[in-house]
Asker: 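Structure below; questions to follow.
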Amino acid sequence: MHPPGFRNFLLLASSLLFAGLSAVPQSFSPSLRSWPGAACRLSRAESERRCRAPGQPPGAALCHGRGRCDCGVCICHVTEPGMFFGPLCECHEWVCETYDGSTCAGTCHCGRCKCDNSDGSGLVYGKFCECDDRECIDDETEEICGGHGKCYCGNCYCKAGWHGDKCEFQCDITPWESKRRCTSPDGKICSNRGTCVCGECTCHDVDPTGDWGDIHGDTCECDERDCRAVYDRYSDDFCSGHGQCNCGRCDCKAGWYGKKCEHPQSCTLSPEESIRKCQGSSDLPCSGRGKCECGKCTCYPPGDRRVYGKTCECDDRRCEDLDGVVCGGHGTCSCGRCICERGWFGKLCQHPRKCNMTEEQSKNLCESADGILCSGKGSCHCGKCICSAEEWYISGEFCDCDDRDCDKYDGLICTGNGICSCGNCECWDGWNGNACEIWLGSEYP
């Protein structure tokens, strides 16, 4: 027989254990099975209800389709390149690893970036915590943009009359006078080619190598690019090499004429006839890839056999990816189009027809950060998004990019000297500029 004190201890321990189990949430019940392998004490309907996301109707996916339901508890799948986790397998860690090729700038939590705003300021934000408005704080006043502007993603946009990286400088003239001084003869502020700061235009210089760029003038009214023919972007020659450029207009040498001094007077064809012959079915003479003289095209860059055809209509560079691999190594290039080997398809033969993934595994890899399959603009095949062919401009790993955002020159995206990658031009070796329009190689091609 136990002493009364021991019996009191047992009663106290029992009551504490009962209270503890009562506090355990319903979603966690260690006693749903009497012992390992025993039958589940929950009904099938109740078990499935606990494995569904809140608000989901009966028949909806269990464990977010990323695990199996075992007596009301989700057992998550482990897949490459990451692992599903969370009470309902709602989290997958690798989604954070999509910004600049590395993890998010904050902390990856349940597949989403959680920004570091421990001070409660909320100044760090963005899908990948890439925006840090603390960079807009003026060191002296400790105000955002000095109190004279608004900050967006770490950049200050100043109110009229203020300028500087943090809107710290005030103009000594009124905003109206500043605007008047910056207005070009055609009535546009800095000719729509520059920025007006305190009555002075800072022109958007497109030439990163020269002290004096292509755009100049008190109100940026002169654009030397207007003196370049389509083919002249491959050289330093203005006015087709047969004239002098004066504020965007060509003064031709003797024996040459035309808007860009491109037509020899010895040619029996008129300039219009010459261009028509060089144009063919293209919108531009020589398809925007060559030099037209007297109705005949000389394809550029000179010596590059990848550009050819009567009107330079074939550009086999379009069969290459950013690493220079032709048709993904699974096809041949014919006049700028890939002919894929059996078992491969895609613009660059980058997709295998056979897939060793389950449909579920494939779809999980095609989900963007917002959980939508290929951003709703494409289909998923073997863990890769195939963007809609009807919308030629949609691209990106998750079909989340718009190639119409890429700069054009002479009507060609990236001037034909690079690849449009998620709205930005990735230029081939030797080329530079927002639209890959500037040759920086040691020798002209």
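These figures come from a predicted structure and were not determined experimentally.
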Asker: Are C387 and C374 close enough that their SG atoms are less than 2.5 Å apart?
Answerer: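 No, the SG atoms are not under 2.5 Å apart.
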Asker: Using a 6.0 Å cut-off, check whether atom CD of E142 has over 12 heavy atoms from anything other than its own residue.
Answerer: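 12 or below, so no.
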Asker: When you compare the side chain of K179 with that of I189, does any pair of heavy atoms fall below 4.5 Å?
Answerer: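 Yes, at least one pair of side-chain atoms sits under 4.5 Å.
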Asker: Are any non-hydrogen side-chain atoms of T183 and T219 less than 4.5 angstrom apart?
Answerer: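 They are not in side-chain contact.
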Asker: Donor-acceptor pair, distance only, cut-off 3.5 Å: does the side chain of S282 make one with the backbone of L284?
Answerer: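 Side chain of S282 to backbone of L284, a donor-acceptor pair under 3.5 Å: yes, one is there.
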Asker: Should the heavy atoms of other residues, nucleotides or ligands under 6.0 Å from CD of E200 be counted, would the total exceed 12?
Answerer: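 No - once you tally the heavy atoms of other residues, nucleotides and ligands closer than 6.0 Å, there are 12 at most.
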Asker: Any side-chain heavy atom of I144 within less than 4.5 Å of one from C156?
Answerer: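 I144 vs C156: side chains apart.
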Asker: Where is the tightest heavy-atom contact between T298 and C312, given as atom of each residue plus distance?
Answerer: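 For T298 versus C312, the nearest heavy atoms are C-SG, 4.2 Å.
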Asker: Begin from the C-alpha positions of C151 and C136 and carry the test disulfide (SG to SG under 2.5 Å) through to its verdict.
Answerer: CA-CA 6 Å; C151 184; C136 291; 2.0 Å; yes
Asker: In terms of heavy-atom contacts, does CG of D251 have more than 12 from other residues, nucleotides or ligands at under 6.0 Å?
Answerer: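 Yes, CG of D251 has more than 12 neighbouring heavy atoms, counting only those of other groups under 6.0 Å.
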Asker: Under 4.5 Å between any side-chain heavy atoms of E426 and S421, yes or no?
Answerer: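 Yes, close enough: below the 4.5 Å cut-off.
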Asker: So do L373 and C380 actually touch side chain to side chain, heavy atoms under 4.5 Å?
Answerer: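 Of all side-chain heavy-atom pairs linking L373 with C380, at least one is under 4.5 Å.
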Asker: Does any N or O in the side chain of H163 come within less than 3.5 Å of the main-chain N or O of C158, such that one atom is a donor and the other an acceptor?
Answerer: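 Between the backbone of C158 and the side chain of H163 there is no qualifying donor-acceptor contact (under 3.5 Å).
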Asker: Any chance you could lay out the salt bridge (Lys or Arg N to Asp or Glu O under 4.0 Å) test for R66 and E367, step after step, and finish with the verdict?
Answerer: CA-CA 13 Å; R66 298 165 178 161; E367 283 187 2; 2.8 Å; yes
Asker: Mind listing the closest non-hydrogen atom pair of Y308 and C335 along with its distance?
Answerer: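 Nearest pair, atom of Y308 first, then C335: OH-N, 3.2 Å.
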Asker: Using a strict threshold of under 4.0 Å (side-chain N to carboxylate O), is an ion pair present between E177 and R181?
Answerer: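 Yes, this pair counts.
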Asker: Please report the closest heavy-atom contact between G383 and C366, naming both atoms and the distance.
Answerer: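 Heavy atoms of G383 and C366 come nearest at C-SG, 3.6 Å.
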Asker: Is R134 atom CZ crowded by more than 12 heavy atoms from other residues, nucleotides or ligands, each under 6.0 Å away?
Answerer: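 Atom CZ in R134 is not crowded, with 12 or fewer foreign heavy atoms closer than 6.0 Å.
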Asker: Might you confirm whether atom CG of N246 has over 12 heavy atoms from other residues, nucleotides or ligands at distances under 6.0 Å?
Answerer: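 Count over threshold, so yes.
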Asker: Any non-hydrogen side-chain atom of R68 less than 4.5 Å from a side-chain atom of L62?
Answerer: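 R68 does not reach L62 side chain to side chain.
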Asker: Do any N or O atoms from the side chain of K377 and from the backbone of S388 form a donor-acceptor pair under 3.5 angstrom?
Answerer: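 Here the side-chain-to-backbone pair does not exist.
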Asker: Step by step, work out the disulfide (SG to SG under 2.5 Å) result for C129 and C115.
Answerer: CA-CA 5 Å; C129 305; C115 304; 2.2 Å; yes
Asker: Should we count CZ of R318 as having more than 12 external heavy atoms under 6.0 Å?
Answerer: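 Above 12, so yes.
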Asker: Can you give me the closest heavy-atom contact between W256 and E293, atom names plus distance?
Answerer: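 Shortest heavy-atom separation between W256 and E293 comes out as CH2-OE2, 4.1 Å.
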Asker: How about S395 and D403: does a side-chain donor come under 3.5 Å of a side-chain acceptor?
Answerer: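 Side-chain D/A pair, S395 to D403: present.
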Asker: Quick one: does W162's side chain get under 4.5 Å of C171's, heavy atoms only?
Answerer: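 Heavy-atom side-chain distance check fails, nothing below 4.5 Å.
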Asker: Is there side-chain contact between E313 and S287, with at least one heavy-atom pair below 4.5 Å?
Answerer: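 Counting from C-beta outward, E313 and S287 do come under 4.5 Å.
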Asker: Would T311 and Q279 satisfy side-chain contact (heavy atoms from CB on, under 4.5 Å), going step by step from the backbone distance to the final call?
Answerer: CA-CA 6 Å; T311 57; Q279 193 164 330; over 6 Å; no
Asker: Looking at K277 and E273, is any side-chain nitrogen of the basic one under 4.0 Å from a carboxylate oxygen of the acidic one?
Answerer: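 Answer for the salt bridge query: no.
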Asker: Would you call D315-R306 a salt bridge at under 4.0 Å N-O?
Answerer: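 Here D315 does not pair with R306 in a salt bridge, since their nearest N and O are not under 4.0 Å apart.
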Asker: Tell me yes or no: between the side chains of Y125 and D133, is some donor less than 3.5 Å from an acceptor?
Answerer: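 On atom types as modelled, these side chains qualify, holding a pair under 3.5 Å.
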Asker: Does C153 form a disulfide (SG to SG under 2.5 Å) with C131? I'd like the steps, not just the answer.
Answerer: CA-CA 4 Å; C153 204; C131 295; 2.0 Å; yes
Asker: Is there a donor in the side chain of E360 and an acceptor in the side chain of T358, or the other way round, less than 3.5 Å apart?
Answerer: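 No donor-acceptor contact under 3.5 Å links the two side chains.
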Asker: Using a cut-off of 6.0 Å, state whether more than 12 heavy atoms not belonging to D186 lie near its atom CG.
Answerer: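 Enclosed.
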Asker: Would H381 and F345 count as a close aromatic pair, with their ring centres under 6.0 Å?
Answerer: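 Ring centroids of H381 and F345 are less than 6.0 Å from each other.
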